[in-house]
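Here is the structure we will look at.
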Amino acid sequence: MKLQRTHTCGQLQHQDVGKSVILNGWVCHCRDHGDLLFIDLRDRYGVTQVVFHRAQDAGLHTAAKTLRPEFVVAVQGQVNLRPEGTANPALPTGEIEVLAQTLEILNPAAPLPMEVDEHAEVSGETRLRYRHLDLRRPGMQQNLLFRHRVIQTIRRYFDQLQFVDVETPFLTKSTPEGARDFLVPSRLSPGEFFALPQSPQLFKQVLMCAGLDRYYQIVRCFRDEDLRADRQPEFTQLDVEMSFIGEEDIIRIIEGLMVTVMREAAGISIHAPFPRIAYREAVDRYGHDAPDLRFGLELVDVTDLARQSEFKVFQAASASGGVVRGLNARAASEQIPRRQIDALVQFAQEIGAKGLAWMRIEGQTVHSPIAKFFSPDLLVQFQKRMEAGPGDVLFFVAGDLKTASLALRHLRLRLGNDLGLIPKNTYHFSWVVDFPLLEWDDEEKRYAALHHPFTSPKPEHLAILEEKPLQVLARAYDLVLNGVEIGGGSIRIHDQEVQKRLFRLLGITDEDAEIKFGFLLECFRHGAPPHGGIALGLDRILMLLRGLDSIRDVIAFPKTQKGTCLFTRAPSPVAPRQLKELGIQPARAEKPGSISHEK
RNA sequence: GGCCCCGUAGCUCAAUUGGUUAGAGUGCCAGACUGUCGAUCUGGAUGUUGCCGGUUCGAAUCCGGUCGGGGUCGCCA
């Protein structure tokens with residue numbers, strides 16, 4: 001190209017006045033004043049104002065009149081100080097402008113299906129469909145730039161601590177445990193399949209057995225499950241594993257990482273160590289194993305008191321082994337009018353609660369549709385337990401632990417938002433520890449690993465592994481930021497005998513184990529160091545640090561909730577020949593006319 | 001797989017709850033304008049109300065189905 005840039009659009013300032021420069025970029029705004037024409041030229045680095053005067057060069061001015069938003073142009077001109085009073089303090093380049101002397105239209109742009117302007121509101125669907133335009137917007141560029149900076153910081157941090165970045169295969173073995181696998185048919189082994197990794201879990205353990213000692217990888221993982229705002233079928237994990245260490249080592253390394261990332265990439269000062277909370281306590285106090293600790297509004301158990309009431313719903317819950325739990329919206333009586341309560345009741349029911357009981361404390365009296373089921377003395381006890389006073393509104397959910405916890409967790413977050421209890425720009429990291437090793441899978445009628453089958457039980461619980469499996473705690477830990485699980489890991493089992501006992505509990509026979517993870521067990525037989533690690537959800541961390549509601553905004557080309565890509569139109573049908581080569585026959589009939597991309 | 005919200009001009013939305021020819025902002029096109037900066041002013045063009053079917057004298061509006069976007073439960077070791 002003839003006019004290659006000498007500067008970027010975010011670079012020129014008053015010290016450059018007088019220079020002859022060339023800028024390349026996209027036309028962002030045109031402000032046509034007749035004989036005077038302003039163009040905002042945009043690139044990744046910023047925006048610079050370019051001026052065209054008819055009096056100065058009529059031909060050039062006429063050419064500039066044809067410019068439209070998102071034309072790609074090269075402008076040669078002179079850097080001038082803007083006239084007195086016309087500087088734009090909102091722009092780093094706002095003191096200067098470039099008086100155009102040459103204009104080259106490198107590429108015109110057809111009328112656009114969406115505005116690139118950062119102020120324009122565009123629906124998520126349109127943004128994904130025209131992602132190339134969406135990604136031109138400064139906000140999205142900042143998101144991607146921030147992602148890059150965080151990744152660079154992570155790499156520097158681990159490199160300094162002698163961690164080795166090792167790539168693990170994407171075409172690997174399907175494992176029946178865990179999430180649904182994405183399968184890739186093998187042409188050379190007809191009828192057989194690779195799976196895309198849900199995580200490099202087994203490989204990083206093999207790397208420990210191989211003596212790599214300290215491993216990390218920023219790696220794509222794949223899980224064929226339903227999507228959420230914070231779940232994509234392919235997502236990026238910061239994967240870490242270390243040898244000859246215990247929980248404290250992993251925790252210390254990761255706390256150091258988060259402090260460094262926050263400081264260097266986000267410019268935010270946070271302090272380690274992070275608070276720790278036991279799984280059981282998290283569920284009891286917040287209804288969730290990833291509690292948002294930025295605010296209080298804690299759950300309170302009233303099961304024992306509820307048993308004494310005449311309210312059948314409360315009686316039934318406590319009689320059947322369930323719970324009655326509540327929370328106190330302190331001094332919120334005026335902020336929660338009756339209509340709002342009705343909305344909250346409906347909200348709780350949509351989450352799965354049978355109902356939502358409430359009491360409004362006004363002066364010495366309790367206003368509540370269920371007050372009549374409580375003796376005066378019991379009402380006093382309820383208020384005491386809930387630490388309730390005049391102006392408070394109490395909410396209660398009765399049911400099995402899981403349902404009640406879920407409903408109250410959502411209710412707590414909703415009230416926290418509605419009542420403005422959640423501080424902005426606060427980053428509250430915490431560890432959730434003391435997870436149970438196992439849970440009872442009622443559908444499969446067997447125990448299942450809460451984390452994964454290589455997670456080590458706490459050594460002091462090994463004795464009761466077979467007798468009281470559900471009471472055994474794991475050497476596992478989750479990292480939580482603002483109520484979102486951003487990572488989890490564990491110390492692994494490296495003792496073959498313990499591993500065998502656990503497989504037996506999980507209903508995995510020796511034969512099964514050999515077929516499924518034989519390669520790892522073989523490693524363990526050949527000298528396995530004690531090891532453990534963690535995996536962090538990079539997309540979620542970025543989302544939270546950028547104050548976004550979805551990881552879609554920190555991923556360049558994300559999928560929709562139905563798992564499709566609106567930009568490329570993937571997935572799509574393939575040619576019959578491709579399927580034939582792979583030995584695959586779809587069960588569903590092809591849509592007529594849908595076969596297009598013959599290779 | 002279940003439940004909920006949404007789908008109207010290129011884009012973002014409205015349409016007095018079933019009633020005349022579906023509007024606004026923005027963008028687009030044309031014109032005016034020498035200091036704007038999300039420029040301003042004047043004028044103009046733009047609709048299969050996602051799609052299919054039903055109810056009705058009459059449907060953007062109600063009903064059924066379907067497709068698409070989003071949230072959530074299940075699922076996500």
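In the text below, chain A, chain B and the rest are named by the order of the sequence lines, each starting its count at 1.
- Proximity of A/R127 to A/R137: side-chain heavy atoms (C-beta onward) are separated by under 4.5 Å at one or more points.
- Per the geometry, CZ belonging to A/F38 stands 8 Å off C1' belonging to B/rC37, to the nearest Å.
- Residues of residues 218-226 of chain A having a heavy atom closer than 4.0 Å to RNA chain B, listed by number: A/R223, A/E225, A/D226.
- The nucleotide whose nearest atom lies closest to any side-chain atom of A/R68 is, among B/rG68, B/rA30, B/rG74, B/rA30.
- For B/rA39, the OP1/OP2 oxygens have a side-chain nitrogen or oxygen of A/H29 closer than 4.0 Å.
- Distance CG (A/L91) to P (B/rU36): 15 Å, rounded to an integer number of Å.
- Residues A/H531 and A/Q205 bring a donor and an acceptor atom of their side chains to less than 3.5 Å of each other.
- Taking atom CD of A/E118 as the reference point, atom P of B/rC37 lies 16 Å away to the nearest angstrom.
- A donor and an acceptor atom never sit less than 3.5 Å apart when one is taken from the side chain of A/R180 and the other from the base of B/rG1.
- Classified by interplanar angle (parallel below 30°, tilted 30° to 60°, perpendicular above 60°), the ring pair A/H132/A/F567 is tilted.
- A heavy atom closer than 4.0 Å to some atom of RNA chain B occurs in A/L406, A/H410, these being the qualifying members of residues 402-417 of chain A.
- Listed pair A/T86 / B/rU36 fails the phosphate criterion, with no side-chain N or O lying under 4.0 Å from OP1 or OP2.
- Contact annotation: A/R31 does not reach the phosphate of B/rU36 (side-chain N/O to OP1 or OP2, under 4.0 Å).
- Using atom P as the reference point in both B/rU61 and B/rA22, the two lie 15 Å apart (nearest Å).
- Both A/G178 and A/G85 sit near RNA chain B, but only A/G85 has its closest nucleotide nearer the 5' end.
- A salt bridge does not link A/D342 to A/R339: none of the charged side-chain nitrogens sits closer than 4.0 Å to a carboxylate oxygen.
- Between A/R546 and A/D553 no salt bridge is recorded (no basic side-chain N to carboxylate O distance below 4.0 Å).
- In the set B/rG38, B/rG69, B/rG70, the nucleotide with an atom closest to the side chain of A/H119 is B/rG38.
- For the residue pair A/L462 and A/R501, the shortest heavy atom distance occurs at O-NH2, 2.7 Å.
- The side-chain hydrogen bond (donor to acceptor under 3.5 Å, both in side chains) test applied to A/K500 returns no partner, not counting sequence neighbours.
- For RNA chain B, none of the residues of residues 475-496 of chain A falls under the heavy-atom distance limit of 4.0 Å.
- Remark: the separation of the C1' atoms in B/rA45 and B/rC29 is 7 Å, to the nearest Å.
- Between A/P436 and A/L470, the closest heavy-atom pair is CB-O, 4.4 Å.
- Summarising the geometry, the separation between CG on A/D289 and P on B/rC76 is reported as 14 Å, rounded to the nearest angstrom.
- Evaluation of the salt bridge (charged side-chain N to carboxylate O under 4.0 Å, His left out) test over residues 34-44 of chain A, restricted to residues two or more places apart or in two chains, returns A/R5-A/D43, A/R31-A/D40, A/D35-A/R54, A/R42-A/E70.
- In this model, a side-chain donor or acceptor of A/R82 finds a partner on the base of B/rC37 within 3.5 Å.
- For the pair A/Q237 and A/Q201, the minimum side-chain heavy-atom distance is 4.5 Å or more.
- Nucleotide B/rG25 has B/rC11 as its partner under the Watson-Crick or G-U criteria, with both atom distances under 3.5 Å.
- Here B/rG38 presents its C1' atom at 16 Å from CG of A/D32, a figure rounded to the nearest Å.
- Following rounding to the nearest Å, A/E95 (CD) and B/rC37 (P) show an atom-to-atom distance of 18 Å.
- Closest approach to the A/D40 side chain among B/rC37, B/rC29, B/rG38 is made by B/rC37 (side chain taken as heavy atoms from C-beta onward).
- Using a 4.0 Å heavy-atom distance criterion, A/A90 is classed as making no nucleic acid contact.
- Residues A/G94 and A/Q198 both approach RNA chain B. Their nearest nucleotides, taken by heavy-atom distance, put A/G94 toward the 5′ side.
- Pairing each heavy atom of A/A317 with each of A/A398, the nearest pair is CB-CB, 3.7 Å.
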| query | Does the ring pair (Phe, Tyr, Trp, His ring centres under 6.0 Å) test come out yes or no for A/F71 and A/W26, once each step is laid out? | reply | CA-CA 6 Å; A/F71 275 34; A/W26 284 262; over 10 Å; no

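- Protein atom CG of A/L37 is 14 Å distant from nucleotide atom P of B/rC33, rounded to whole Å.
- Here the separation of B/rC6 from B/rG64, taken at their P atoms, is 14 Å to the nearest Å.
- Minimum atom distance to the side chain of A/P69 is reached by B/rC28, of the listed B/rC29, B/rU34, B/rC28.
- Salt-bridge annotation for A/R231 and A/D226: absent, with no side-chain N of the basic residue lying under 4.0 Å from a carboxylate O of the acidic one.
- Checking B/rC76, B/rG68, B/rG71 against the side-chain heavy atoms of A/A179 singles out B/rC76 as nearest.
- Across the strands present, B/rG68 finds its partner in B/rC6; the criterion is a Watson-Crick or G-U wobble pair with both atom distances under 3.5 angstrom.
- For A/A229, taking side-chain heavy atoms from C-beta onward, the closest of the listed nucleotides B/rG71, B/rA39, B/rC29 is B/rG71.
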| Can you give one letter per nucleotide of nucleotides 2-13 of chain B, going 5' to 3': B for a protein heavy atom under 4.0 Å from the base, S for sugar-phosphate only, - for none? | --------BSS-

